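Because the structure is a prediction, the values reported are computed rather than measured. Scope of the values below: all heavy atoms of this structure, side chains included, with no hydrogens, waters or symmetry mates.
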Amino acid sequence: RRVHAMRRRPPHIGLPSPPLKSLLPFCLAAAAALGPCRRFPAIGRWSDSGTPFAAPRIILRRGSPLDGRTSAEAYLSSLGFSDAELGKVKSRYGDRRFDPDVESKIKPVLKWLSDLGMTDLDVRKVVVDYPGTFDLGLEKISKLWLSLKDLGIDYSRVVKMIAKDPPLIGCHSENTLEPKVQWLKELGMGDSQVAKTIKKYPRLLLHS
């Protein structure tokens, strides 16, 4: 008897649990306040029509907005661009979000600049100083290139000009280069003098 008494559990001194019936009014009041579940326009609940909302298919991929970066930023980062360089790219891109298509805009332009003979450092400088290059398209860039060569500016010189002043890429031949050439000729310059002036003062093309 003495061992049996020692094994007895001590009496419960906590508050007794309320009976389930006493919780029923509270549950009914809460349900009335919240309304039927089908009224909640949320994923996993029922719509007003009585049919469940379809959960959207979310694909988390590198460079998606879910990780705070665009695909363009992620691609440049994979090429070795630092966070500081990407910050400059985004700030110089304007009010828009930096998100040009990687396959149709970024890769072709980078390849074209590299094929010109630019070093990796020069290409990086072009991207950081003038990220709007990706929106121009190869057709516009090529026209400017050919127009400069037609003036008698040799291949290597054009590369150096663009590497030194990347915004020159944005000087469309019809809107900027041709009017400047015409203006210089009206001043009495010949073709060779026009070429020398542009080579010596390439930023002249950047001014209206």
Side-chain angles (χ1 to χ4, degrees), residues 59 61-65 67-185 191 194-195 197-208:
I59 302 176
R61 62 180 182 179
R62 185 180 185 186
S64 68
D67 66 2
R69 297 186 303 175
T70 63
S71 299
E73 294 171 32
Y75 179 70
L76 293 183
S77 178
S78 70
L79 296 180
F81 283 76
S82 65
D83 291 340
E85 289 174 326
L86 289 176
K88 292 179 181 179
V89 168
K90 290 189 289 184
S91 64
R92 292 169 181 170
Y93 194 66
D95 297 334
R96 301 165 296 163
R97 189 176 186 183
F98 179 71
D99 195 20
D101 186 74
V102 174
E103 296 298 330
S104 64
K105 292 186 175 181
I106 294 183
K107 287 185 177 181
V109 170
L110 292 181
K111 183 179 184 303
W112 186 82
L113 293 174
S114 179
D115 291 343
L116 290 180
M118 286 190 175
T119 64
D120 291 342
L121 186 62
D122 290 338
V123 173
R124 186 184 299 267
K125 187 176 186 299
V126 169
V127 173
V128 173
D129 289 357
Y130 192 66
T133 302
F134 297 125
D135 292 329
L136 296 176
L138 292 182
E139 184 178 356
K140 290 182 178 179
I141 298 175
S142 300
K143 283 184 179 180
L144 174 66
W145 178 266
L146 294 175
S147 297
L148 289 173
K149 290 184 67 177
D150 290 341
L151 286 175
I153 303 176
D154 59 88
Y155 181 90
S156 60
R157 184 66 181 180
V158 175
V159 172
K160 290 180 181 179
M161 288 170 56
I162 295 177
K164 185 178 180 180
D165 292 298
L168 289 174
I169 293 181
C171 297
H172 304 165
S173 58
E174 298 88 352
N175 301 329
T176 305
L177 182 59
E178 292 179 4
K180 290 293 190 304
V181 171
Q182 184 63 30
W183 174 69
L184 292 174
K185 287 184 177 181
D191 291 342
V194 170
T197 301
I198 293 178
K199 284 191 293 184
K200 190 173 183 179
Y201 305 105
R203 296 188 66 84
L204 177 67
L205 300 178
L206 300 177
H207 301 285
S208 58

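- Distance alone, capped at 3.5 Å, places no donor-acceptor pair between the D165 side chain and the P167 backbone.
- Between the side chain of S114 and the backbone N or O of K111 there is no donor-acceptor pair closer than 3.5 Å.
- Here the straight-line distance linking atom CG of L168 with atom CG of L206 works out to 5.0 Å at 0.5 Å rounding.
- With contacts defined as side-chain heavy-atom distances shorter than 4.5 Å, the pair F98/L86 does not qualify.
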### Query
Stepwise, does the side-chain contact (heavy atoms from CB on, under 4.5 Å) test hold for I198 with V181?
CA-CA 9 Å; I198 293 178; V181 171; 4.2 Å; yes
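- The side-chain contact (heavy atoms from CB on, under 4.5 Å) test with L113 is passed by exactly one of V159, I169, D122, D120: I169.
- With a 4.5 Å cut-off on side-chain heavy atoms, V89 and F134 do not count as touching.
- The structure places CD of E178 at 10.5 Å from CG of L144, a figure rounded to the nearest 0.5 Å.
- Atom CG of D83 has 12 or fewer heavy atoms from other residues, nucleotides or ligands within 6.0 Å.
- Within the 4.5 Å cutoff, side-chain heavy atoms of L184 are placed close to those of L204.
- Within the 4.5 Å cutoff, side-chain heavy atoms of L151 are placed close to those of L177.
- From K199, atom NZ reaches atom OG1 of T197 across 10.0 Å, with rounding to the nearest 0.5 Å.
- Remark: K88 NZ to S82 OG distance equals 8.0 Å, nearest 0.5 Å.
- Taking OG from S156 and CG from L116, the interatomic distance works out to 12.0 Å, rounded to the nearest 0.5 Å.
- The local environment of CG in D191 is sparse, with at most 12 non-hydrogen atoms from other residues, nucleotides or ligands closer than 6.0 Å.
- Nearest heavy atoms, D99 versus Y93: N-CE2, 4.4 Å.
- Applying the side chain to side chain donor-acceptor pair (under 3.5 Å) definition to pairs two or more places apart or across chains, those involving residues 124-134 are E85-R124, R92-D129, K125-D129.
- Using a 4.5 Å heavy-atom threshold, the side chains of S77 and R69 count as touching.
- To the nearest 0.5 Å, the span separating CG on D101 from CG on D135 amounts to 11.0 Å.
- Across Y155 and G117, no two heavy atoms sit closer than the pair OH-N, 4.2 Å.
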